[in-house]
Amino acid sequence: VSSDFTWKGRPVRLFDTAGLRRKAKITELAEKLSASDAVRAIRFAEVVVLLVDAERPLEHQDLTIGDLATSEGRAFVVAVNKWDGLDDYQRDRIKREIERKLHFLRWARFHQISALKRTGLAAVMRSVSEAHRAAFAKLPRNSCPTRKNNRCALTGRSRSFYKKFGISRIMLRELAL
């Protein structure tokens with residue numbers, strides 16, 4: 001399902017996907033089509049926002065979406081919904097779980113929101129805008145390590161450093177801004 005709206009004078013198209021489950025657990029045709037639409041939306045997205053339910057944090061499908069989006073090289077923002085309904089102990093537990101399970105997204109911005117009370121949504125949209133700007137930032141030609149030039153002009157790090165830690169061009173763009 002897609003919705004078009006304008007945020008601070010910029011057109012935005014939001015795709016709400018049904019999420020992804022393991023292929024073995026998808027049985028109905030409608031669910032198969034929904035899953036393929038979700039994958040297609042992620043592949044064509046410029047920025048992916050992973051909306052996590054605080055009452056059921058980080059199910060397998062959340063990790064699948066995060067992995068697919070990063071492997072496709074998409075800019076990424078994580079929003080945890082229903083944050084206002086948690087006590088301090090639950091909030092701390094969820095923060096630790098997110099850090100542990102989404103360790104491959106440490107570079108992404110994380111937000112706590114309440115869709116019901118409409119809190120935190122502006123901060124998410126600001127992060128989406130910043131992630132988009134970073135993903136499409138023009139970098140100097142010699143900024144990324146290549147076979148010829150083994151050092152990054154922005155950070156001075158070697159190409160092997162980025163490979164070792166799995167740092168992509170999008171993460172490098174984040175460093176540049």
Side-chain angles (χ1 to χ4, degrees), residues 1-22 25-26 28 30-31 33-137 168 170-171 173-177:
V1 178
S2 71
S3 302
D4 294 326
F5 63 96
T6 304
W7 187 74
K8 292 194 175 185
R10 293 181 63 183
V12 176
R13 176 168 289 155
L14 175 74
F15 285 95
D16 185 5
T17 64
L20 299 172
R21 295 197 315 163
R22 291 186 181 128
K25 295 194 178 198
I26 298 175
E28 296 180 24
E31 196 173 0
L33 293 173
S34 174
S36 68
D37 284 347
V39 170
R40 189 177 317 112
I42 290 169
R43 287 197 173 128
F44 287 103
E46 294 175 350
V47 179
V48 174
V49 178
L50 176 63
L51 186 61
V52 177
D53 188 340
E55 293 174 355
R56 295 178 299 159
L58 296 177
E59 295 177 341
H60 179 75
Q61 70 179 0
D62 298 326
L63 301 175
T64 302
I65 290 169
D67 185 49
L68 176 62
T70 55
S71 67
E72 290 290 327
R74 301 296 169 245
F76 209 82
V77 177
V78 179
V80 183
N81 192 22
K82 301 179 184 174
W83 191 255
D84 56 330
L86 304 175
D87 60 31
D88 290 339
Y89 172 76
Q90 291 171 319
R91 288 178 181 179
D92 187 50
R93 184 181 54 81
I94 289 173
K95 280 182 186 177
R96 282 195 316 271
E97 185 177 351
I98 287 173
E99 288 172 4
R100 185 175 56 83
K101 288 187 176 178
L102 292 179
H103 61 89
F104 58 94
L105 290 174
R106 285 197 180 117
W107 51 271
R109 300 270 171 100
F110 286 80
H111 295 278
Q112 297 85 26
I113 67 168
S114 172
L116 186 65
K117 293 182 180 178
R118 297 180 182 239
T119 58
L121 301 177
V124 170
M125 287 305 297
R126 279 192 302 275
S127 287
V128 166
S129 181
E130 290 170 9
H132 183 269
R133 188 178 72 243
F136 291 93
S168 69
I170 289 189
M171 290 181 238
R173 286 185 183 119
E174 287 279 342
L175 291 171
L177 295 179

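The nearest pair of heavy atoms linking A54 to W83 is CB-N, 4.5 Å. Closest of all the heavy-atom pairs between A69 and I42 is CA-CG2, 3.9 Å. Summarising the geometry of H111 relative to S127, their closest heavy-atom pair is NE2-OG, 2.6 Å, with the distance given to 0.1 Å. When all heavy atoms are compared, the tightest approach of W107 to R74 is CH2-O, 3.8 Å. Here the closest non-hydrogen pair linking A75 and A131 is CB-O, 3.7 Å. Across all non-hydrogen atoms, the minimal contact from L86 to R91 is O-NE, 3.3 Å.
By the 6.0 Å contact criterion, OH on Y89 is open, its count of non-hydrogen atoms from other residues, nucleotides or ligands being 12 or less. Within 6.0 Å of atom CG in D87, more than 12 heavy atoms from other residues, nucleotides or ligands are found, so the atom counts as buried in its surroundings.
No side-chain heavy atom of V128 sits less than 4.5 Å from a side-chain heavy atom of W7. Under the 4.5 Å side-chain criterion, counting only non-hydrogen atoms from C-beta, M125 is in contact with V12.
By the salt bridge (charged side-chain N to carboxylate O under 4.0 Å, His left out) test, R126 is found to be paired with no residue, residues two or more places apart in sequence or in another chain being considered. With sequence neighbours excluded, no residue forms a salt bridge (charged side-chain N to carboxylate O under 4.0 Å, His left out) with D67.
In this structure, the side chain of N81 does not engage the main chain of L51 through any donor-acceptor pair within 3.5 Å. Side chain of R109 to main chain of V124: no donor-acceptor pair is present (N/O by atom type, distance under 3.5 Å, no hydrogens or angles).
From L68, atom CG reaches atom CZ of R43 across 6.0 Å, with rounding to the nearest 0.5 Å. Here R13 contributes atom CZ and F15 contributes atom CZ; the two are 5.5 Å apart, rounded to the nearest 0.5 Å.
Residue L105 is tested with T70, V77, L63, I98 for a side-chain contact (heavy atoms from CB on, under 4.5 Å); the sole match is T70.
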